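Just below is one structure, and these are the notes that go with it.
Keep in mind that this is a model prediction, so the values were computed, not measured.
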Amino acid sequence: MPVPVPARMRSLANSNWELVVWRDRGETQVTLRGPETGPTVLDLDPTLGEGHTIGIIFRHGAFLSPMPVPRLVDTAVSSPHTTAHSFVLQGEEWETPTYDNADVFVNRLVRAGLLVRDPLVTDVLRGDTATLVTPRSVQRRVAAATGLTQGAIRQIERARQAVMLLGRGMAAIDVVQQVGYHDQPHLARSLTRFTGRTASQLRQAGGDEMLSLLYKTEVAVRP
């Protein structure tokens with residue numbers, strides 16, 4: 001018996017940017033998706049074929065030098081030309097990444113000087129203290145590398161972590177204590193802002209709506 005296709009997919013707010021390869025019925029698309037500061041809902045057409053999607057999520061602090069992440073916030077940029085085996089990025093042709101060669105693809109971007117990383121941003125968002133630069137410099141470097149402020153990143157990642165815990169059946173009051181919200185109304189406001197759903201709706205997720213992929217955050221989310 002075929003598994004019913006959900007009518008919608010809910011994409012939660014996300015503080016990372018990613019490269020997405022989508023293949024369906026002989027067509028291939030490659031898109032750079034920036035951080036998303038709010039939820040989006042995509043209607044799924046049950047008449048479409050079963051597509052195949054690969055996503056490469058880049059850590060905070062990594063960015064494409066010719067295309068700063070701030071330009072990608074709440075938007076996406078698709079390759080102007082793609083085939084089953086190649087796509088165009090920044091005017092150059094690249095082999096389309098697959099699940100098996102994603103690491104090789106990323107290493108090629110690094111060797112070509114397109115993908116660079118600010119290690120200070122990675123460390124600061126992980127909870128380390130920057131001692132050799134001023135707080136204002138840290139703020140500027142985080143914004144330049146991620147397109148978001150430290151506060152926005154932590155708020156988004158805290159909400160995503162709360163969704164994961166609610167999906168495992170944890171009570172809302174326990175989520176408040178685990179993730180570091182002030183109280184349940186604070187949790188409710190955060191979930192509404194970044195997911196568009198209440199705690200009860202997220203615990204009962206399924207049926208005609210699916211959630212976007214969740215992953216364990218590397219960001220220090222507790223206040």
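Residues passing the side-chain hydrogen bond (donor to acceptor under 3.5 Å, both in side chains) test with S79, sequence neighbours excluded: none. Remark: R33 engages E18, E36 in a salt bridge (Lys or Arg N to Asp or Glu O under 4.0 Å) (not counting sequence neighbours). By the salt bridge (Lys or Arg N to Asp or Glu O under 4.0 Å) test, D174 pairs with no residue at all, sequence neighbours left out. Residues passing the side chain to side chain contact (heavy atoms under 4.5 Å, CB included) test with T134, sequence neighbours excluded: R136, S137. Every residue two or more places apart in sequence or in another chain that forms a side chain to side chain contact (heavy atoms under 4.5 Å, CB included) with P80 is listed here: V88. T31 meets the side-chain hydrogen bond (donor to acceptor under 3.5 Å, both in side chains) test with S78; sequence neighbours excluded. Residues meeting the side chain to side chain contact (heavy atoms under 4.5 Å, CB included) test with P97, sequence neighbours left out: L19, V21, I56, F87, N101, F105. Taking the side-chain hydrogen bond (donor to acceptor under 3.5 Å, both in side chains) definition, one finds that T192 meets it with nothing, sequence neighbours left out. Taking the side chain to side chain contact (heavy atoms under 4.5 Å, CB included) definition, one finds that Q184 meets it with A172, I173, V176, sequence neighbours left out. Legend: residues meeting salt bridge (Lys or Arg N to Asp or Glu O under 4.0 Å) with R59, ordered by chain and number and at least two apart, are E218.
Proximity of N14 to I57: side-chain heavy atoms (C-beta onward) are nowhere separated by under 4.5 Å. Side chains of R141 and V124 form no contact here, defined as non-hydrogen atoms less than 4.5 Å apart. Proximity of L187 to V179: side-chain heavy atoms (C-beta onward) are nowhere separated by under 4.5 Å. In this structure the side chain of T96 never reaches within 4.5 angstrom of the side chain of T82, judged on heavy atoms. With contacts defined as side-chain heavy-atom distances shorter than 4.5 Å, the pair R158/F194 does not qualify.
Although no hydrogens or angles enter the test, the distance criterion places no donor-acceptor pair under 3.5 Å between the side chain of S15 and the main chain of E157. The backbone N or O of T195 lies less than 3.5 Å from a partner atom in the side chain of R10, making a donor-acceptor pair. The backbone N or O of F58 lies less than 3.5 Å from a partner atom in the side chain of N16, making a donor-acceptor pair.
Listed by first and then second residue, the salt bridge (charged side-chain N to carboxylate O under 4.0 Å, His left out) pairs involving residues 62-91 amount to none (not counting sequence neighbours). Residue pairs meeting the salt bridge (charged side-chain N to carboxylate O under 4.0 Å, His left out) criterion with at least one partner in residues 77-100, sequence neighbours excluded, are E95-R108.
The heavy-atom pair separating A143 from P70 by the smallest distance is O-CG, 3.5 Å. The shortest heavy-atom contact between G61 and A145 is CA-CB, 4.1 Å. Across every non-hydrogen atom of S190 and Q155, the tightest pair is OG-O, 4.4 Å. Looking at every heavy atom in both residues, G196 comes nearest to P39 through N-CG, 3.7 Å.
From L166, atom CG reaches atom CD of Q161 across 11.0 Å, with rounding to the nearest 0.5 Å. Interatomic distance, CE of M164 versus CD of Q178, reported as 11.5 Å (0.5 Å rounding).
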Practice task
Take F63 and V116, measure what side-chain contact (heavy atoms from CB on, under 4.5 Å) needs, and give me the verdict at the end.
Solution key: CA-CA 6 Å; F63 57 95; V116 295; 3.3 Å; yes
Practice task
May I have the step-by-step check of side-chain contact (heavy atoms from CB on, under 4.5 Å) for L72 and L64, ending in yes or no?
Solution key: CA-CA 11 Å; L72 294 173; L64 291 173; over 6 Å; no
Handout entry: From CA spacing to verdict: side-chain contact (heavy atoms from CB on, under 4.5 Å), W94, V30
Key = CA-CA 11 Å; W94 294 80; V30 180; over 6 Å; no
Exercise for the section: Report the C-alpha distance between R197 and L191 in whole Å, list the side-chain angles of each, state the deciding distance to 0.1 Å, and finish with yes or no for side-chain contact (heavy atoms from CB on, under 4.5 Å). Expected result: CA-CA 6 Å; R197 282 290 182 264; L191 293 177; over 6 Å; no
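L12 and V175 fall within the same hydrophobic cluster, where Ile, Leu, Val, Met, Phe, Trp and Tyr residues are linked whenever their side-chain heavy atoms come under 4.5 Å apart, directly or through other members. Following chains of ILVMFWY side-chain contacts shorter than 4.5 Å, one can reach I54 starting from L89, so the two form part of one hydrophobic cluster. A single hydrophobic cluster is not seen to contain both W17 and V121; linkage of ILVMFWY side chains at heavy-atom distances under 4.5 Å, directly or through other members, places them apart. Hydrophobic clustering (ILVMFWY, side-chain heavy atoms < 4.5 Å, transitive): L125 and V69 are in distinct clusters. V20 and V77 are assigned to two separate hydrophobic clusters, defined by single-linkage of ILVMFWY side chains at heavy-atom distances under 4.5 Å.
Screening L114, L109, L115, N107 against R111 for a side chain to side chain contact (heavy atoms under 4.5 Å, CB included) leaves a single residue, N107.
In the displayed structure, E27 atom CD is contacted under 6.0 Å by at most 12 heavy atoms of other residues, nucleotides or ligands.
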